[in-house]
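First comes the structure, then the notes that go with it.
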Number of protein chains: 2
Amino acid sequence: MDRPRRPTSADVAARAGVSRSTVSYVLSGSTQHSFPQATRDRVLLAASELGYTPHAAARALRRGTSGVVLLVLADVPIGANLGSMLAEMTTAVAATGRSLVTWTGGVGPTLRETLAHLDPLVVLTMAPLAPAEADAVGNAGIPLVAMPYAGSATQTVGPAAPSRGELQVGALQLQHLAAYGHRRVAVLTVAEPRLALFAHGRVEGVRRAALDLGLDQPPVLALGEPDDAAVAAVAQALTEWVRGPGPVTALCCYNDLYAAVALAAAARCGLRVPRDLSVAGIDDDPMGRFLDPPLTTISFDFRDTARAVVEQVAAVLEGAPPPPPGPSSQVLRVVERASVGPPPVR
Amino acid sequence: MDRPRRPTSADVAARAGVSRSTVSYVLSGSTQHSFPQATRDRVLLAASELGYTPHAAARALRRGTSGVVLLVLADVPIGANLGSMLAEMTTAVAATGRSLVTWTGGVGPTLRETLAHLDPLVVLTMAPLAPAEADAVGNAGIPLVAMPYAGSATQTVGPAAPSRGELQVGALQLQHLAAYGHRRVAVLTVAEPRLALFAHGRVEGVRRAALDLGLDQPPVLALGEPDDAAVAAVAQALTEWVRGPGPVTALCCYNDLYAAVALAAAARCGLRVPRDLSVAGIDDDPMGRFLDPPLTTISFDFRDTARAVVEQVAAVLEGAPPPPPGPSSQVLRVVERASVGPPPVR
DNA sequence: ACGATTCACTGACACGTGTGACCTGTCGAC
DNA sequence: GTCGACAGGTCACACGTGTCAGTGAATCGT
């Protein structure tokens with residue numbers, strides 16, 4: 001019941017009445033040899049009739065390169081718009097004659113297995129890899145490229161070295177609030193260990209920007225799952241933060257989901273947004289537009305980033321050994337909606 | 001500047017002072033031959049010192065199988081919780097000694113290229129593939145397995161044959177509303193062609209369930225991008241639907257995002273949810289919980305589905321030719337929150 | 001007329017691995 | 001003393017492809 005063995009180039013050669021070499025030359029469209037149109041047609045016809053597809057493994061073995069680019073995704077909640085980014089990157093990589101596939105990490109050290117199966121040309125990461133995974137990639141001698149958004153991928157010093165992109169996001173959030181006149185801001189972040197790398201960077205970005213602008217260091221509240229308990233926790237923190245001599249007038253939230261938590265908590269406390277409290281999110285989740293009030297957030301230009309990443313990949317594959325530090329150009333943008341406004345007059 | 005050629009099993013053999021065959025037998029842990037511990041240790045040491053990793057392509061060529069399972073994702077907005085599903089499936093597939101990677105379709109017929117690069121054992125799909133893509137898979141002689149949620153993958157008859165899972169989702173939505181006493185329901189769907197396969201199935205599911213329950217066929221409104229124009233369109237439709245002799249008392253929405261659009265539109269019309277109008281979503285988007293009111297929706301058990309899919313894959317690979325029709329057990333569940341209630345008394 | 005060039009094509013090798021068949025020495029059994 | 005069994009290991013092939021170096025015939029230049 002097994003399939004009748006897929007046709008090889010030898011089968012095509014036999015059917016076309018030529019040698020296997022000829023088949024290879026014709027099908028690969030080599031410009032070294034030029035064959036008369038008649039021969040070429042015979043080969044193409046035979047190949048098409050047999051449904052011939054070159055064996056990927058054999059080709060990779062011979063060429064010495066697999067043509068696969070592997071994007072490693074951590075086991076983090078995939079934002080709604082990461083999908084667009086994937087599609088964008090896939091087409092961009094395809095344009096260079098290679099293929100992009102993604103691997104979603106789960107538990108257990110299975111990345112090594114996957115590398116053994118795929119033997120990718122290069123591994124892309126959205127976030128710094130866990131040490132074990134980084135080792136697996138390094139051991140296999142595969143170049144590792146970090147998305148410009150994520151900073152350096154090989155940067156494994158310290159428990160969680162904040163990546164440049166995350167720092168910028170946090171800073172942008174705070175700067176936007178400061179531009180509206182907010183002087184005292186609080187931060188809502190997440191406790192989930194898998195998100196620690198993102199979370200730490202964003203908080204740190206807020207902190208540093210606050211330092212630069214001469215503002216007080218913001219209080220930070222780390223939340224668990226985004227459920228009713230989280231809303232209660234935020235509500236309680238808010239009641240403390242908004243009374244007192246230097247009340248908090250704005251919230252930097254880990255992402256739009258936690259900004260939604262903050263909005264719910266504010267409503268529970270009787271605080272009106274943005275009159276009494278401003279709330280800023282991150283990620284431009286499509287649903288944020290329909291919260292009450294519509295959420296001001298920070299969006300991320302996938303088109304641009306995808307292009308930059310693919311260029312980096314191409315550069316690395318051409319033999320440029322040092323992955324150039326991400327240009328991290330204009331990929332971040334504040335999406336102004338109604339959840340951020342001037343602070344209340346005292 | 002090129003890397004110094006990765007070590008092969010021959011290098012390991014030379015260093016360990018044995019033949020290449022011995023290396024292969026030792027490293028593959030074959031039970032055919034048994035080597036004394038001393039030899040085994042020498043080989044393992046040499047391999048570890050050289051950082052030897054078997055060449056994936058060569059192994060695949062020899063074994064005749066690539067060990068790769070490819071999941072093809074259409075270029076559709078990735079829901080927030082698809083990530084969990086991917087992680088789940090990845091680990092489940094890894095447990096069978098294979099690797100799952102996903103390919104996100106973009107524009108252009110690049111799936112063929114990717115198949116040529118990867119030569120996967122089997123291709124999984126979330127939704128029926130476009131004819132060109134299905135052809136590519138078929139031509140390469142690769143088995144195609146559809147997720148139980150998605151119905152048959154090879155089912156390419158008609159422009160959009162509704163898949164079983166989608167039908168069930170729509171039906172469940174309507175049944176839940178009917179159980180609350182709603183007799184006249186409207187449907188909010190999407191016009192986006194890429195989503196047509198999903199959308200059509202869900203609407204059809206609502207329709208058939210309405211038929212079974214003896215309710216009127218629901219009016220349907222197809223929306224574009226989820227923006228303010230969409231809110232306006234829904235608001236206008238609502239003003240028509242809720243007045244008249246048989247007013248609409250509930251809305252079945254394409255997903256949670258469009259349910260959020262509906263909530264915004266209801267607010268704009270001065271309709272209170274759920275007192276004046278009930279709204280049901282699909283997908284259990286994490287943010288739906290924080291809408292006002294919290295959204296009643298239909299969730300989808302990834303754990304179960306992932307397991308079922310992986311079992312199907314295993315079955316197909318063991319040589320079971322007909323992919324058994326998806327059991328589609330208890331993977332769908334109504335998440336009751338506050339946006340659905342009894343219809344208004346007249 | 002004859003070497004030189006081109007045309008159309010082919011033979012053979014290499015890529016790195018897994019594995020069935022084989023080979024050598026030693027030991028126990030008859 | 002011979003045979004079989006067995007441990008310990010090696011040989012050589014096959015997987016399917018890309019490509020370098022040729023090869024025979026035809027054509028060309030002089």
Side-chain angles (χ1 to χ4, degrees), chain A residues 2-3 5-43 46-47 50-67 97 115-119 121 140-141, chain B residues 2-3 5-43 46-47 50-67 97 115-119 121 140-141:
Chain A
D2 29 26
R3 286 172 297 282
R5 207 182 53 75
R6 60 186 294 170
T8 75
S9 69
D11 299 330
V12 176
R15 179 173 255 256
V18 295
S19 79
R20 212 178 48 70
S21 315
T22 304
V23 172
S24 179
Y25 280 122
V26 167
L27 291 186
S28 68
S30 163
T31 54
Q32 304 279 14
H33 294 51
S34 76
F35 294 90
Q37 195 59 39
T39 306
R40 186 161 302 188
D41 286 347
R42 281 214 318 283
V43 170
L50 265 58
Y52 168 70
T53 318
H55 193 73
R59 165 178 280 181
L61 176 59
R62 170 65 226 212
R63 279 206 68 199
T65 174
S66 65
L115 293 179
H117 281 321
L118 289 178
D119 197 28
L121 280 171
Chain B
D2 30 24
R3 287 174 297 284
R5 205 181 55 73
R6 61 187 294 170
T8 73
S9 68
D11 299 328
V12 176
R15 179 173 254 257
V18 296
S19 79
R20 211 179 49 69
S21 317
T22 303
V23 171
S24 179
Y25 280 122
V26 167
L27 291 185
S28 69
S30 162
T31 54
Q32 304 279 13
H33 292 50
S34 77
F35 294 91
Q37 195 60 38
T39 306
R40 187 162 299 186
D41 286 347
R42 282 214 317 283
V43 170
L50 266 58
Y52 168 69
T53 318
H55 193 74
R59 164 178 280 181
L61 175 59
R62 172 62 227 217
R63 282 205 66 198
T65 173
S66 64
L115 292 179
H117 281 320
L118 290 178
D119 196 28
L121 279 171

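Each chain gets a letter, A, B and so on, in the order the sequences are listed, and its residues count up from 1. Keep in mind it's a predicted model, so treat the numbers as computed, not measured.
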| request: Please confirm whether the backbone N or O of B:T8 pairs with a side-chain atom of B:D11, one donor and one acceptor, at under 3.5 Å? | output: yes
| message | Can a donor-acceptor pair be found, under 3.5 Å and without considering hydrogens, that links the side chain of A:R42 to the backbone of A:A16? | response |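 It does hold such a pair.
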Interatomic distance where [atom1] belongs to [X] and [atom2] belongs to [N] [whole Å]:
{"X": "B:D119", "N": "D:dT17", "atom1": "CG", "atom2": "P", "result": "10 Å"}
{"X": "B:D11", "N": "C:dC15", "atom1": "CG", "atom2": "C1'", "result": "13 Å"}
{"X": "B:R20", "N": "C:dG20", "atom1": "CZ", "atom2": "C1'", "result": "14 Å"}
{"X": "B:L27", "N": "C:dG18", "atom1": "CG", "atom2": "P", "result": "8 Å"}
{"X": "B:L61", "N": "D:dG18", "atom1": "CG", "atom2": "C1'", "result": "13 Å"}
{"X": "A:F35", "N": "C:dT10", "atom1": "CZ", "atom2": "P", "result": "8 Å"}
{"X": "A:R40", "N": "C:dA8", "atom1": "CZ", "atom2": "P", "result": "10 Å"}
{"X": "A:R63", "N": "D:dT17", "atom1": "CZ", "atom2": "C1'", "result": "11 Å"}

| remark: Nucleotide by nucleotide, nucleotides 20-27 of chain D touches protein heavy atoms under 4.0 Å in the pattern (B base, S sugar-phosphate only, - none) BB------
| message | Please classify the nucleic acid contact of A:S28 as base, sugar-phosphate, or nothing, using heavy-atom distances under 4.0 Å. | response |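 Since no nucleic acid heavy atom lies under 4.0 Å of A:S28, the category is nothing.
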Can you find a side chain N or O atom of [X] that sits less than 4.0 Å from OP1 or OP2 on [N]?
{"X": "B:S9", "N": "C:dT17", "result": "yes"}
{"X": "B:T8", "N": "C:dC15", "result": "no"}
{"X": "B:T22", "N": "D:dG9", "result": "no"}

| B:R42 or B:R62: which one's nearest nucleotide on DNA chain D is closer to the 5' end? | B:R42
| query | With sequence neighbours left out, what residues match B:R40 under salt bridge (Lys or Arg N to Asp or Glu O under 4.0 Å)? | reply | none
Nearest heavy atoms of [X] and [Y], plus distance in Å:
{"X": "A:L50", "Y": "A:P7", "result": "O-CG, 3.3 Å"}
{"X": "A:V43", "Y": "A:V23", "result": "CG1-CA, 4.1 Å"}
{"X": "B:S66", "Y": "A:H117", "result": "O-ND1, 3.5 Å"}

| said: Nearest 0.5 Å, please: how far is CG in A:L61 from NE2 in A:H55? | reply: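 Atom-to-atom, A:H55:NE2 and A:L61:CG are 9.5 Å apart.
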| Any side-chain donor near an acceptor of the partner, A:T22 and A:S19, under 3.5 Å |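 Yes, side-chain donor-acceptor contact under 3.5 Å.
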| Between residues 52-60 of chain B and DNA chain D, which residues have a heavy-atom gap below 4.0 Å? |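 Within this stretch, nothing sits under 4.0 Å of the strand.
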| message | For a 4.5 angstrom cut-off between non-hydrogen side-chain atoms, does A:V18 reach A:F35? | response |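 Side chain of A:V18 against side chain of A:F35, heavy atoms only: no contact under 4.5 Å found.
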